[in-house]
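Values reported hereafter were calculated over all heavy atoms of this structure, with side chains retained and with hydrogens, waters and symmetry mates removed. Here is the naming used below: chain letters follow the sequence lines, and residue numbers restart at 1 for every chain. Here the structure is a predicted model, which means the values were calculated and not measured.
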Protein chains: 2
Amino acid sequence: MAIAHPARREVLRLLREDGPRPVVQLAEHFDMSRPSLSEHLKLLKDAGLVSERKVGRQRLYSLEPDRLQEFSDWLAPYERFWQTRLTGLAELLEAEDDD
Amino acid sequence: MAIAHPARREVLRLLREDGPRPVVQLAEHFDMSRPSLSEHLKLLKDAGLVSERKVGRQRLYSLEPDRLQEFSDWLAPYERFWQTRLTGLAELLEAEDDD
DNA sequence: TTGACTGGTAGGAAATCTCCTACCTATGGT
DNA sequence: ACCATAGGTAGGAGATTTCCTACCAGTCAA
């Protein structure tokens with residue numbers, strides 16, 4: 001699973017906070033070797049969570065939000081078990097008829 | 001990671017949809033042996049995603065939503081990358097001053 | 001008490017994951 | 001052309017996960 005490894009979650013966080021970044025810059029944040037990070041990036045890319053584009057001799061990795069949306073969608077059915085601020089709002093506005 | 005394995009996600013789904021269930025009833029949905037499922041349940045319990053209570057000779061497993069909330073919280077910062085109906089609503093109502 | 005049922009634990013085999021070093025290609029600068 | 005930089009791939013070692021078959025303890029019913 002793509003988001004299972006802490007390093008990959010950290011990559012996602014970095015891309016989210018700092019925007020698109022080349023591999024060496026991402027690698028600065030990790031103790032592991034660059035090839036190992038490359039494999040994590042490949043896994044994230046295969047999972048569709050990030051995309052990659054060439055700029056000169058660099059490859060910029062960017063967050064690809066569509067797949068993260070799937071995690072959100074997966075979590076959505078659990079939301080009725082707790083009261084999030086957002087679902088509270090949604091029910092308030094849309095006045096759904098479920099109890 | 002607790003939600004990494006498909007079987008464990010399936011357990012969560014079953015508990016969410018059908019409510020608390022004993023082990024044998026959960027096991028019906030899987031090809032694996034019951035002891036293997038027991039280990040998955042232990043992992044889920046250790047992660048705080050489910051709880052277990054004894055009823056007669058059975059142990060009923062229930063969804064424990066607090067920890068799933070953490071996943072939701074983890075996902076929240078990514079929401080500005082896409083437009084969910086809910087964040088759209090939230091911004092509409094709260095009229096936050098960002099951008 | 002004896003037997004059936006529920007479900008956890010032990011030990012270990014096999015599969016998967018993670019990480020490394022070595023090596024490769026591609027681009028840009030001089 | 002030559003060298004440095006960016007970054008992917010290969011092969012393999014070690015750790016972790018997953019799954020199995022025993023086996024054990026607790027509960028209920030006769």
Next item on the list: Return the 5'-most residue of the pair B/A4, A/L41 with respect to DNA chain D, ranking by each residue's nearest nucleotide.
Entry: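 The answer here is A/L41.
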
Look at the side chain of [X] and decide which nucleotide, out of [options], has an atom nearest to it.
X: A/V24; options: D/dC19, D/dG7, C/dT9; answer: D/dG7
X: B/K54; options: C/dT9, D/dG26, D/dA6; answer: D/dG26
X: A/P35; options: D/dC20, C/dT21, C/dC20; answer: C/dT21
X: A/E39; options: D/dG26, D/dG8, C/dC20; answer: C/dC20
X: B/R59; options: C/dC5, C/dG8, C/dA26; answer: C/dG8
X: B/V23; options: D/dG8, C/dG8, C/dT18; answer: C/dG8
X: B/R57; options: D/dC28, D/dT18, D/dA4; answer: D/dC28
X: A/P22; options: D/dG7, C/dT6, D/dT18; answer: D/dG7

Checklist line | Heavy-atom side-chain contact between B/R8 and B/L12 under 4.5 Å | finding: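 Not in contact.
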
Can you tell me the distance, in whole Å, between the [atom1] atom of [X] and the [atom2] atom of [N]?
X: B/L43; N: D/dT17; atom1: CG; atom2: C1'; value: 9 Å
X: A/R8; N: C/dT18; atom1: CZ; atom2: C1'; value: 9 Å
X: B/L44; N: C/dG8; atom1: CG; atom2: P; value: 12 Å
X: B/M1; N: D/dT18; atom1: CE; atom2: P; value: 13 Å
X: B/E28; N: C/dG7; atom1: CD; atom2: P; value: 11 Å
X: A/L37; N: D/dA6; atom1: CG; atom2: P; value: 14 Å
X: A/L60; N: D/dG8; atom1: CG; atom2: P; value: 11 Å
X: A/Q25; N: D/dA6; atom1: CD; atom2: P; value: 10 Å

[N] phosphate, OP1 or OP2, under 4.0 Å from [X] side-chain N/O:
X: B/S33; N: D/dC19; value: no
X: A/R34; N: D/dG8; value: no
X: B/H5; N: D/dC19; value: yes
X: B/Y61; N: C/dT6; value: no
X: A/S36; N: C/dT18; value: no

Margin query: Quick check for you: to the nearest 0.5 Å, what is the distance between B/D18 atom CG and B/L63 atom CG?
Written below: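 One gets 11.5 Å once the value is rounded to the nearest 0.5 Å.
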
Checklist line | Gap separating the OH atom of B/Y61 from the CG atom of B/L41, nearest 0.5 angstrom | finding: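 That separation rounds to 5.0 Å.
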
Next item on the list: Please name the residue in the list B/E52, B/R21, B/R53 that meets the side-chain contact (heavy atoms from CB on, under 4.5 Å) test with B/R59.
Entry: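 With B/R59 as partner, side-chain contact (heavy atoms from CB on, under 4.5 Å) holds for just one option, B/E52.
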
Item checked: Check ion pair B/R13-B/E10 (N to O, under 4.0 angstrom) ->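 Here B/R13 pairs with B/E10 in a salt bridge, since their nearest N and O are under 4.0 Å apart.
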
Check: What are the two closest heavy atoms between B/A4 and B/R9, and how far apart are they?
Finding: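 Minimum heavy-atom contact is O-NH1, 3.0 Å.
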
